[in-house]
Amino acid sequence: MIKDEFVWRWQYLWVFAPFIIGLVDVLNVYVQPQEVYDNIINNAYAKPGERLTVQYGFLNINQHYVMRFLWQFLALISLLPLLLPFIRNLFKEKDRKLLIWAISLYVLFLLMSILATIFAFEKLLKVDFLRSTGPILRTVNLVFYVILFAIGIIPIYFPTILYGYPRSKKSKLTEKTRHKDQVELKFGLDVDVLLRRLNGIKESGSFYEQDFDLSSCAKALEIPTHHLSYFLNQQLGLSFSAYRNNVRIEKGKKLITLGYLERNTMEALAQQCGFANRSSFSKTFKKITSVNVTEFSANS
């Protein structure tokens, strides 16, 4: 999801090192004569305290245990260089659902991995650091598992959290066709349809409500906020704030042309267009039209 594609590289086999070594050790046990296997079982019953330290292959079970959780911890840490820009981008796009979900999932995985790694090293080195608080930690660990499981399956019941992924499509197409495919894949909507729906929201007057923001617009369009931001940026070259200001100033220009200021104050005009006060309206008007309200009114 972070890289927005699935690419296999042979270096990724390092991730499976604990599994591969474990598999080799298991096969090593099962290729031995039956009496060797029976002896292992009998010793496990007779000396349960020593069963985790017996060498069955390359490593004993305690060493396998340490390697498995240490590997998991290192794998999670290795994701950070990819995860941090991804999180920053979600924060920038105000995609709160996916932001909270991704951070919660990662942090819980990391906490559980740290606890499990500490436990594993304690068993290997035969020291007591956290194990003395066994019942409490077992409860904490159980709570972590339950929460992690809940977070993991949330997208199954609320798929809008992950809506829009993958966000691009790799193919040998012309740049124009590739861009069109990206937009259609990302939004699941035709560009013309989305523009018509935006115009419908403009006609409904929602853009002139002071609290109408990116989230409100995305909700009205029934798409995630980061999809709307991406669409406006790619199709119109505008942020949502700039697009909303353009819509509001267009209404202001129409009202001025119809003589609104002859019967009403500038403050009233600002409120009609969705601005909190005349100052913000005037400043935005000058920025977009390059003339102030008074000059525009005089020439209308």
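All figures in this text were calculated on a predicted structure; none of them were measured in a lab.
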Trainee: For a quick test of reading the model, state the closest non-hydrogen atom pair linking L13 to I20 and the distance between them.
Mentor: O-CD1, 4.3 Å
Trainee: Could you tell me the separation between the OG atom of S241 and the CZ atom of R244, rounded to the nearest 0.5 Å?
Mentor: 5.0 Å
Trainee: Say you draw a straight line from CZ of F16 to CG of L23; how long is it, rounded to the nearest 0.5 Å?
Mentor: 13.0 Å
Trainee: Indicate, with yes or no, if Y106 and W101 share a hydrophobic cluster defined by side-chain heavy-atom contacts under 4.5 Å among Ile, Leu, Val, Met, Phe, Trp and Tyr.
Mentor: yes
Trainee: Quick check: are there more than 12 heavy atoms from other residues, nucleotides or ligands sitting under 6.0 Å from CD of Q210?
Mentor: yes
Trainee: Sequence neighbours excluded, which residues qualify as side chain to side chain donor-acceptor pair (under 3.5 Å) partners of D25?
Mentor: H64
Trainee: Would you check if there is a donor-acceptor pair between the side chains of N246 and E250 at a distance under 3.5 Å?
Mentor: no
Trainee: Could you note down all residue pairs passing side-chain hydrogen bond (donor to acceptor under 3.5 Å, both in side chains) where residues 199-208 supplies at least one of them, sequence neighbours left out?
Mentor: N199-K202, S204-S206
Trainee: Out of curiosity, K219 NZ to D213 CG, how far, rounded to the nearest 0.5 Å?
Mentor: 11.0 Å
Trainee: By the side-chain hydrogen bond (donor to acceptor under 3.5 Å, both in side chains) test, which pairs, at least two apart or in different chains, include something from residues 289-299?
Mentor: none
Trainee: Applying side chain to side chain donor-acceptor pair (under 3.5 Å), can you list everything that pairs with Y12, at least two apart in sequence or on another chain?
Mentor: R9
Trainee: Does K251 have any salt bridge (charged side-chain N to carboxylate O under 4.0 Å, His left out) partners at least two apart in sequence or in another chain, and if so, which?
Mentor: none
Trainee: For residues A218 and L228, report the shortest heavy-atom separation together with the two atoms involved.
Mentor: N-CD2, 3.7 Å
Trainee: Could you state whether L108 and I153 fall into the same hydrophobic cluster, counting links through intermediate Ile, Leu, Val, Met, Phe, Trp or Tyr residues with side-chain heavy atoms under 4.5 angstrom apart?
Mentor: yes
Trainee: Can you sort out the partners of F281 under ring pair (Phe, Tyr, Trp, His ring centres under 6.0 Å), two or more places apart, ordered by chain and number?
Mentor: F275, F285
Trainee: Could you pull out the closest heavy-atom pair between K123 and Y65, with the gap in Å?
Mentor: CD-CE2, 4.2 Å
Trainee: Kindly write out the residues that satisfy ring pair (Phe, Tyr, Trp, His ring centres under 6.0 Å) with Y30, not counting sequence neighbours, or none if the list is empty.
Mentor: Y37
Trainee: Can V15 be reached from W8 by stepping across I, L, V, M, F, W or Y side chains whose heavy atoms are under 4.5 Å apart?
Mentor: yes
Trainee: Enter the distance from L105:CG to I100:CD1 here, rounded to the nearest 0.5 Å.
Mentor: 13.5 Å
Trainee: Does any non-hydrogen side-chain atom of L195 lie less than 4.5 Å from one of F231?
Mentor: yes
Trainee: According to a hydrophobic-cluster definition based on side-chain heavy atoms being under 4.5 Å apart (Ile, Leu, Val, Met, Phe, Trp, Tyr only), do I288 and L232 belong together?
Mentor: no
Trainee: Less than 3.5 Å apart, which donor and acceptor atoms pair up between the side chains of residues 263-272 and the rest of the protein, not counting sequence neighbours?
Mentor:
residue: R263; atom: NH1; partner: G259; partner atom: O; Å: 3.2
residue: N264; atom: ND2; partner: Y260; partner atom: O; Å: 3.1
residue: T265; atom: OG1; partner: A268; partner atom: N; Å: 3.1

Trainee: Please answer whether the main-chain N or O of D38 pairs with a side-chain N or O of N42 as donor and acceptor at a distance below 3.5 Å.
Mentor: yes
Trainee: What closest approach, in Å, do G57 and N28 show between heavy atoms, and which atom pair accounts for it?
Mentor: CA-ND2, 3.7 Å
Trainee: Step by step, work out the side chain to side chain contact (heavy atoms under 4.5 Å, CB included) result for T284 and C273.
Mentor: CA-CA 11 Å; T284 306; C273 296; over 6 Å; no
Trainee: Spell out, as yes or no, whether a donor-acceptor pair under 3.5 Å connects the side chain of N43 to the backbone of N39.
Mentor: yes
Trainee: Can you tell me how far CG of L99 sits from OG1 of T225, rounded to the nearest 0.5 angstrom?
Mentor: 10.0 Å
Trainee: What residues, two or more places apart in sequence or in another chain, satisfy side chain to side chain contact (heavy atoms under 4.5 Å, CB included) together with A242?
Mentor: L238, S239
Trainee: Side-chain heavy atoms nearer than 4.5 Å, only ILVMFWY residues, links allowed to pass through others: does that put V143 and I151 together?
Mentor: yes
Trainee: With sequence neighbours left out, what residues match Y243 under ring pair (Phe, Tyr, Trp, His ring centres under 6.0 Å)?
Mentor: F207
Trainee: Looking only at heavy atoms, which two atoms of L214 and F240 are closest? And how far apart?
Mentor: N-CE2, 3.2 Å
Trainee: I need the minimum non-hydrogen distance between I103 and I87, along with the two atoms involved.
Mentor: CG1-CD1, 3.6 Å
Trainee: Output a table of donor-acceptor pairs, distance under 3.5 Å, between side-chain atoms of residues 66-86 and any protein atom two or more places apart or on a different chain; print 'none' if there are none.
Mentor:
residue: W71; atom: NE1; partner: W14; partner atom: O; Å: 2.6
residue: Q72; atom: OE1; partner: S113; partner atom: OG; Å: 3.4
residue: S78; atom: OG; partner: A75; partner atom: O; Å: 2.6

Trainee: Can you list everything that forms a ring pair (Phe, Tyr, Trp, His ring centres under 6.0 Å) with F109? Sequence neighbours excluded, please.
Mentor: none
Trainee: Looking at CD1 of I201 and CG of L221, how far apart are the two atoms once the value is rounded to the nearest 0.5 Å?
Mentor: 4.0 Å
